[in-house]
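Inspection log for the structure reproduced underneath, given as structure tokens.
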Amino acid sequence: MKVIKDPVKIQAIVDRIRPVKKIGLIPTMGALHKGHISLIESAKKEAEFIIVSIFVNPIQFGPKEDYKNYPRKPGEDNKILEDLGVDILFSPFVIDLYPNPQTTFIHIPSLEKLLCGKVRNWHFKGVLTVVAKLFNITKPHFSYFGQKDYQQALMIRRMTNELNFDLKIRLSPTIREDDGLAVSSRNIYLSNEERKRANLLYLSLKEAEASLRKGEDPISTIEKQKLLIEKNGFILNYFEIVDPETLKPLDEVKDRALIAVSAKTGKTMLIDNLIYE
Ligand code: PAF
């Protein structure tokens, strides 16, 4: 596996590779876990040249967020990627991607302030901007994202289509621990006690799904789950049942819906979602 930090160097390599091999890109912020591994495995099924990027992107973190303390495990990550047979690890320094303060940003105003964007209204422009840079630098045919970050993946797909990036976005199912907790790099912040209760969000999504199936309306379904989550000591950010494309709340569920939740336990913000069909 080649480890490359310089965007110009990797651009020169992919210019040679792209005409002869399908390139798959898995953008990550490192601290790799089962979720990332499943994305790499999906990529290997259809792409012939696999690039993983590891970059903790400062512009998607708020001033009071965990940018400095975000888990970084370069040694372990390298070993995982070597073992998986990844071709290139692109792990630029901040100065490599942002040699000057970034002044160009990508926004999707109709989506960026909904769900997770309600309290983190800077976050998605930082994500879209860095992902657009990664696409231009690594020129993939396919790029892989997890359903756990559904809103992020939806917005990246929208950006890709509307800005005519020449690649396809693939969405992979959320990888879960045995008790249902969605795997995330931030789960390591959970204390033992918090970890034991952390699967409540998944259980409450499943309960909401069952209520909708029985014909209960979204508003009372949401109220019930909000009470359950708060009664268990979580600080609820949102529990919503929304249209999976517009992310706007649904008064009535006809065919598809996204059931999405975000809540804090201790210092850890957890998110999870299910698609109701
Ligand atoms: O999901 C992530 O890890 C990040 O938001 C991403 C897509 C790598 C952009 O920094």
Side-chain angles (χ1 to χ4, degrees), residues 4-5 7 10 24-40 42-43 50-62 65-74 76-77 80-81 86 88-98 102 104-108 111-112 115-117 119-138 140 142-160 163 165 167-175 182-189 260 262 268-273:
I4 299 181
K5 297 205 171 290
I10 192 166
L25 169 71
I26 301 95
T28 81
M29 298 206 297
L32 301 176
H33 52 61
K34 290 187 276 188
H36 298 116
I37 293 172
S38 91
L39 296 179
I40 297 169
S42 304
I50 308 294
I51 304 177
V52 173
S53 64
I54 295 186
F55 181 66
V56 184
N57 174 35
I59 69 165
Q60 70 188 69
F61 288 79
E65 288 192 334
D66 55 346
Y67 171 68
K68 281 213 175 94
N69 300 325
Y70 191 83
R72 289 166 173 86
K73 302 180 173 174
E76 287 168 46
D77 288 348
I80 293 173
L81 299 176
V86 164
I88 293 185
L89 163 59
F90 177 50
S91 56
F93 291 118
V94 172
I95 193 84
D96 296 318
L97 277 202
Y98 302 114
Q102 185 76 13
T104 306
F105 295 97
I106 297 182
H107 283 276
I108 306 183
L111 297 175
E112 71 188 5
L115 299 181
C116 289
V119 287
R120 306 179 78 203
N121 57 17
W122 61 86
H123 174 69
F124 289 108
K125 80 166 190 202
V127 170
L128 294 180
T129 303
V130 80
V131 170
K133 284 162 84 79
L134 292 170
F135 287 170
N136 283 329
I137 292 167
T138 63
F142 308 103
S143 188
Y144 301 81
F145 298 88
Q147 192 193 310
K148 189 191 136 260
D149 296 305
Y150 179 92
Q151 182 174 14
Q152 163 173 289
L154 175 77
M155 293 176 74
I156 291 170
R157 180 170 277 159
R158 186 78 63 85
M159 168 187 84
T160 303
L163 295 183
F165 280 99
L167 73 133
K168 296 210 158 40
I169 301 301
R170 303 290 197 221
L171 187 64
S172 290
T174 303
I175 302 297
V183 171
S184 159
S185 304
R186 287 191 168 106
N187 290 352
I188 60 164
Y189 298 153
S262 161
T268 317
M269 184 66 87
L270 298 169
I271 63 168
D272 204 347
N273 64 75

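Below, each value reflects all heavy atoms present in this structure, side chains not excepted, and no hydrogens, waters or symmetry copies. Note that ligands are numbered from 1 as they come in the structure, with each ligand's atoms numbered from 1 the same way.
Under 3.5 Å, the side chains of Tyr70 and Asn57 contain no donor-acceptor pair of N or O atoms. Lys125 and Gln60 share no donor-acceptor pair across their side chains, judged by distance under 3.5 Å alone.
Using a 4.5 Å cut-off on side-chain heavy atoms (C-beta onward), Ile26 and Val86 make no contact.
Classification of Arg186 and Asp66 as a salt-bridged pair holds, one side-chain N sitting under 4.0 Å from a carboxylate O.
The closest protein non-hydrogen atom to atom 10 (O) of ligand 1 is Gln60 OE1, 2.6 Å. Closest to atom 3 (O) of ligand 1, if we only count protein heavy atoms, is Met29 CG, 3.5 Å.
For ligand 1 and Val130, the ligand atoms under 4.0 Å from any heavy atom of the residue are 9 (C), 10 (O).
Geometrically, Lys5 engages Phe93 in a cation-pi contact, judged by NZ or CZ lying under 6.0 Å from the ring centre and within 45° of the ring axis.
Using a 4.0 Å cut-off between heavy atoms, Thr28 contacts ligand 1 through its backbone alone, with no side-chain atom that close.
Checking only distances, Gln152 does come within under 3.5 Å of ligand 1, N or O to N or O.
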